[in-house]
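Below is one structure, written out as structure tokens; comments come after it.
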Amino acid sequence: MSSPLNFHLEHYDGPLDLLLDLIRKQEINIYDIPIASITSQYLEYMQRALELDIELSSEFVYMAATLIHIKSRMLLPKDPELAKITGEEVDPRQELVDRLLEHERFKNAAEMLQQKRMVEEAVWSNPQIQKFLSEEQEPELAVTLFDLVKTLQTVLERAKNRPVYQIGKEDVSIPDMIRFLENVFRDMRKGEAVPAAELFERQASRRAMISLFLAILELVRRQALTLTQQDAFGEIGLKKHNAFHDVFDQPLTAVEQDYR
């Protein structure tokens with residue numbers, strides 16, 4: 001199988017992006033990954049990055065160790081006694097497959113929303129945009145939608161280790177989260193920011209986190225909130241913009257109807 005890295009070294013945001021690219025370019029069934037071949041290509045990428053003095057994060061090193069561990073487990077003979085105890089064979093690749101699929105869902109959602117935003121910017125201009133361009137604001141780094149998605153994904157990963165309690169059926173909606181954000185920011189001083197990760201971690205379930213994520217996107221689109229980042233690779237924050245009170249002084253009936 002020819003390597004997709006023959007001609008140039010592409011840039012990836014993380015090891016999962018690299019693995020997805022290797023899998024999709026070669027049209028590999030993600031549920032039946034040839035772990036030996038993928039591990040070899042992954043290590044080849046890291047070696048070429050090293051030769052070109054490209055610095056890779058610790059996540060790439062950790063994923064390399066994970067792939068080698070999975071490869072070694074698949075080379076070991078299956079224990080028939082263990083199969084009798086568990087009742088089924090556990091595929092060493094399953095956890096990696098689950099992570100890849102979840103990462104791909106978030107990536108696709110982020111790309112779709114980014115494309116939607118670009119289309120809206122190309123065909124529609126906001127007459128009140130000058131309210132957003134306050135000269136009094138301190139210069140900040142540009143924050144993309146992908147940064148917010150990564151923050152949510154990080155919190156969801158940490159949430160997997162939380163204790164699970166049976167609390168009955170949860171009924172939380174995007175309008176509920178919009179009201180939650182209104183309560184959080186209404187009395188805050190101008191320029192004061194709240195870490196996005198902190199808001200996500202206040203939620204009790206994945207559904208609540210996703211609803212909060214969509215509520216944030218809606219309020220950013222309506223120019224009630226803005227994303228902020230003070231330092232490169234720093235945490236993503238949220239703060240209210242000048243139009244915050246104008247947005248919430250109007251009834252949000254249309255928003256509630258859109259998300260029913």
Side-chain angles (χ1 to χ4, degrees), residues 13-14 16 59 94-117 143-189 192-230 233-241 243-245 247-260:
D13 290 332
L16 292 176
E59 293 178 337
Q94 187 58 49
E95 184 178 352
L96 176 62
V97 169
D98 292 340
R99 289 180 62 192
L100 285 168
L101 290 173
E102 184 175 47
H103 179 77
E104 187 174 42
R105 284 194 294 269
F106 278 112
K107 183 178 179 180
N108 291 340
E111 290 176 352
M112 180 188 67
L113 292 168
Q114 181 76 355
Q115 290 171 3
K116 182 175 181 292
R117 182 184 67 81
V143 181
T144 68
L145 180 60
F146 294 98
D147 296 319
L148 184 60
V149 171
K150 286 181 180 178
T151 299
L152 172 60
Q153 193 169 7
T154 300
V155 175
L156 286 173
E157 285 292 330
R158 289 203 298 264
K160 290 180 180 179
N161 298 322
R162 291 181 183 175
V164 179
Y165 303 99
Q166 296 295 331
I167 57 175
K169 183 178 180 181
E170 181 186 27
D171 187 13
V172 61
S173 65
I174 296 170
D176 291 335
M177 286 301 172
I178 290 177
R179 297 187 195 97
F180 165 73
L181 291 169
E182 178 187 11
N183 292 333
V184 169
F185 288 95
R186 180 166 289 279
D187 297 327
M188 290 183 63
R189 296 188 300 272
E192 188 176 357
V194 176
E198 177 183 315
L199 293 174
F200 287 128
E201 287 175 341
R202 291 188 197 178
Q203 312 311 316
S205 68
R206 292 171 62 90
R207 174 171 176 169
M209 291 182 192
I210 299 298
S211 296
L212 176 60
F213 172 76
L214 294 175
I216 290 173
L217 293 184
E218 181 66 30
L219 292 180
V220 169
R221 185 181 73 85
R222 289 176 174 266
Q223 302 180 345
L225 297 177
T226 184
L227 301 173
T228 180
Q229 188 180 41
Q230 295 295 334
F233 307 110
E235 65 179 8
I236 307 300
L238 285 164
K239 65 181 181 180
K240 60 183 181 183
H241 250 310
F244 178 88
H245 295 287
V247 170
F248 283 105
D249 286 344
Q250 301 174 5
L252 297 177
T253 308
V255 177
E256 296 179 352
Q257 291 178 348
D258 288 343
Y259 290 101
R260 280 181 180 175

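Keep in mind the model is a prediction, meaning the values are calculated, not measured.
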Applying side-chain contact (heavy atoms from CB on, under 4.5 Å) between Phe106 and each of Glu102, His103, Glu104, report the one that passes. Glu102
Which distance, rounded to the nearest 0.5 Å, do you find between the [atom1] of [X] and the [atom2] of [Y]?
{"X": "Lys239", "Y": "Leu225", "atom1": "NZ", "atom2": "CG", "answer": "11.5 Å"}
{"X": "Leu217", "Y": "Ile174", "atom1": "CG", "atom2": "CD1", "answer": "9.0 Å"}
{"X": "Leu238", "Y": "Leu219", "atom1": "CG", "atom2": "CG", "answer": "9.0 Å"}
{"X": "Ile216", "Y": "Phe200", "atom1": "CD1", "atom2": "CZ", "answer": "4.0 Å"}
{"X": "Leu181", "Y": "Asp176", "atom1": "CG", "atom2": "CG", "answer": "11.0 Å"}
{"X": "Met177", "Y": "Ser173", "atom1": "CE", "atom2": "OG", "answer": "8.0 Å"}

Less than 4.5 Å apart, any side-chain heavy atom of [X] and any of [Y]?
{"X": "His241", "Y": "Gln223", "answer": "no"}
{"X": "Ile178", "Y": "Phe248", "answer": "yes"}
{"X": "Met188", "Y": "Val194", "answer": "yes"}
{"X": "Phe244", "Y": "Arg186", "answer": "yes"}
{"X": "Thr226", "Y": "Val220", "answer": "no"}

Between Glu59 and Arg99 (salt bridge meaning N to carboxylate O under 4.0 Å), is one present in this structure? no
Do you know which two heavy atoms are closest between Thr228 and Ala193, and how far apart they sit? CG2-CB, 4.0 Å
Between Asp98 and Gln94, does any side-chain donor sit less than 3.5 Å from a side-chain acceptor? yes
Determine whether more than 12 heavy atoms belonging to other residues, nucleotides or ligands lie under 6.0 Å from atom CD of Glu198. yes
